[in-house]
2 protein chains.
Amino acid sequence: MHITALAGGVGGARFLRGLRRHLDQRDDGPHELTIVGNTGDDISLFGLRVCPDLDTLLYTLGGGVHEGQGWGRADESFAVQDELQAYGATPQWFRLGDRDFGTHVARSQWLAQGQTLSQVTARLAARWGLPDQGVRLLPMTDVPVETHVVIERDGQEQAIHFQEWWVRHQAAIPARRFVVAGLDRAAAAPGVLDALRSADVVLLPPSNPVVSIGVILGVPGVRDALRGTTAPVVGVSPIIGGAPVRGHADACLAVLDLEPSAAAVAGLYADFLDGWLVDDADADDPLPRGSRATSAHMPILMRDIDHAAKIAGGALDLALGLAR
Amino acid sequence: MHITALAGGVGGARFLRGLRRHLDQRDDGPHELTIVGNTGDDISLFGLRVCPDLDTLLYTLGGGVHEGQGWGRADESFAVQDELQAYGATPQWFRLGDRDFGTHVARSQWLAQGQTLSQVTARLAARWGLPDQGVRLLPMTDVPVETHVVIERDGQEQAIHFQEWWVRHQAAIPARRFVVAGLDRAAAAPGVLDALRSADVVLLPPSNPVVSIGVILGVPGVRDALRGTTAPVVGVSPIIGGAPVRGHADACLAVLDLEPSAAAVAGLYADFLDGWLVDDADADDPLPRGSRATSAHMPILMRDIDHAAKIAGGALDLALGLAR
């Protein structure tokens with residue numbers, strides 16, 4: 001079975017690590033998993049290219065993630081960042097650990113040598129053992145794109161980098177809109193569209209529907225591939241009982257004038273969604289009017305890896321029941 | 001008094017730290033010290049610009065150097081380098097510490113933003129308190145130059161980076177010649193020639209006469225400035241009793257068909273040298289025939305900072321006795 005998933009950072013990574021465990025527990029393998037990672041969060045810091053969502057996927061699937069915070073490396077030290085601060089290098093609101101710096105230095109070096117982000121990501125993924133797990137991690141595009149948030153300052157509209165809004169301001173400054181610079185001209189990375197078209201199942205983990213999944217959907221061809229694929233497309237709600245599981249998805253949905261509800265998120269995917277897995281808390285209101293998707297419910301708060309595996313199994317079972 | 005010194009790495013840095021202490025102990029201050037640092041050793045590693053001699057000068061004068069090895073930072077960790085190794089990034093024969101990486105990341109970021117190496121070096125030096133000490137550190141040039149070593153491999157001449165020869169091979173591969181790529185077109189950095197012309201005293205610390213001082217002398221205009229300056233030019237021998245104090249100066253001198261002797265080094269500076277300070281061991285053979293320099297001798301092995309201060313005081317006294 002070949003499963004393709006779109007993914008943002010922490011929520012997507014934890015779900016997919018659970019999926020990987022679930023697949024190991026099934027007796028009908030081996031199975032292949034292609035992950036299309038969001039790169040709209042990417043940012044250049046200290047002259048180095050940082051890909052927060054790809055890194056969270058690498059570290060989580062590879063066993064190197066800081067479990068408590070869900071991103072970054074376990075057992076981190078901060079000597080490099082402390083030095084940069086001592087030198088007065090900016091910005092200082094995004095603190096990178098030393099091990100994490102290793103990833104960014106390697107990536108930046110290889111990019112500067114002319115390798116594509118796909119090629120670089122494959123090299124990084126090899127170190128984390130993803131190929132051995134049957135997992136292929138693809139950036140959504142090899143073209144540098146960046147999500148910017150348009151805010152108002154002193155009566156003027158101003159665009160700041162998504163990470164500045166998200167990390168520095170904790171999404172507390174009202175956003176007027178998101179602009180993903182370069183997205184309309186960003187060709188899908190090699191393998192992305194084919195992985196969506198040729199998959200047996202397509203899954204949307206509980207990632208942010210606006211700035212993670214929504215950005216991947218904006219890559220030219222991705223949405224059409226999802227509409228056209230013969231695979232069932234099943235999503236897992238990132239909203240439970242009217243609140244995001246983590247992160248600031250509510251603030252992002254508000255920018256689109258949407259309530260933070262499972263149904264509102266399903267509405268964003270209405271043109272291609274075949275199945276929608278929500279929490280028991282949302283069993284009575286899983287889908288917007290006019291949706292053709294089939295819904296199911298179960299407890300979907302990922303408390304640990306085993307529970308994430310159960311949720312992933314639930315999503316997969318829903319998909320297999322819908323398979324055309 | 002304004003003193004200008006040319007300097008390579010460890011030997012130069014230790015001598016100049018001693019000079020700085022000696023100047024503090026004199027009662028005729030304040031004094032200014034301009035250091036022209038060698039940049040021929042510079043190398044791009046992992047996409048970052050590394051300036052070993054400038055960094056050794058910064059760390060030593062700023063109090064952050066690893067005293068035991070003479071270069072790099074005290075209390076280092078190696079998380080970034082370990083990660084790069086895990087990713088298979090190369091080269092691995094030059095191990096950089098995490099704190100040291102902070103310097104290289106800051107420098108590379110600022111260079112990429114269009115600042116000159118002079119500007120970047122001034123920013124780095126500010127953090128290390130050099131301006132407060134009356135010390136100005138200038139790179140010899142803002143143009144990237146790199147010393148390459150021509151060796152023979154499989155019957156063919158091949159040029160490798162100086163650091164590969166020095167660090168990886170410990171200068172154990174016979175060198176045919178040194179080529180400093182770009183040096184003939186490298187303009188002296190702002191302030192360098194003026195600092196030589198307008199100095200009250202010019203000092204040559206016991207740095208490598210071929211690949212450190214020799215490279216600085218190759219920057220267009222530097223040698224002429226030394227010949228033309230009204231300041232006495234006094235050097236301290238890097239050779240004691242026929243052997244280099246540290247490093248592989250003997251291997252470098254051999255490339256020029258020179259014996260490792262204090263006199264041979266003085267011969268390299270014969271056209272501008274006014275004073276030459278050698279060790280007591282070399283008191284009987286301090287100068288080559290035809291040299292117009294005045295020599296003096298004392299124990300010049302720098303055992304600690306206090307002794308380095310005494311040696312620097314000896315060199316300065318020799319210079320002041322020669323002042324025209």
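Proteins come first, then strands; the chains are lettered A, B, ... in the order of their sequence lines, and each starts at number 1.
In this structure, B:Met302 CE and B:Phe15 CZ are separated by 7.5 Å, a value rounded to the nearest 0.5 Å. If you take OG on B:Ser212 and CG on B:Asp41, they are separated by 5.5 Å, rounding to the nearest 0.5 Å. To the nearest 0.5 Å, the span separating CG on B:Leu138 from OG1 on B:Thr121 amounts to 8.5 Å. Rounded to the nearest 0.5 angstrom, B:Leu130 CG and B:Ile35 CD1 are separated by 6.5 Å.
Residue with the most contacts toward chain B among A:Tyr87, A:Trp110, A:Phe78: A:Tyr87 (heavy-atom pairs, distance under 4.5 Å).
Within the 4.5 angstrom heavy-atom criterion, no atom of B:Ser108 approaches chain A. Heavy atoms closer than 4.5 Å to chain A are found in the side chain of B:Leu48, but not in its backbone. If you measure heavy-atom distances from B:Ala112 to chain A, you find no contacts under 4.5 Å at all.
At most 12 non-hydrogen atoms from other residues, nucleotides or ligands lie less than 6.0 angstrom from CD of A:Gln156.
Considering B:His22, B:Arg21, B:Arg20 in turn, B:Arg20 is the only one that fulfils the side chain to side chain donor-acceptor pair (under 3.5 Å) rule with B:Asp24.
Using a 4.5 Å heavy-atom cut-off against chain B, the contacting residues of residues 90-103 of chain A are A:Thr90, A:Asp98, A:Arg99, A:Phe101, A:Gly102, A:Thr103. Interface with chain A: from residues 58-76 of chain B, residues B:Tyr59, B:Arg73 qualify, criterion being any non-hydrogen pair under 4.5 Å.
The pair B:Arg49-B:Glu146 meets the salt-bridge criterion, with a side-chain N (NZ, NE, NH1 or NH2) lying under 4.0 Å from an Asp/Glu carboxylate O.
The side-chain heavy atoms of A:Met140 and A:Val215, taken from C-beta on, include a pair separated by under 4.5 Å.
Scanning both residues, A:Ser207 and A:Gly8, for their nearest heavy atoms gives OG-N, 3.0 Å. Smallest separation of non-hydrogen atoms from A:Pro139 and A:Ala189: O-CB, 3.1 Å.
B:His148 and B:His161 have their aromatic ring centers within a separation under 6.0 angstrom.
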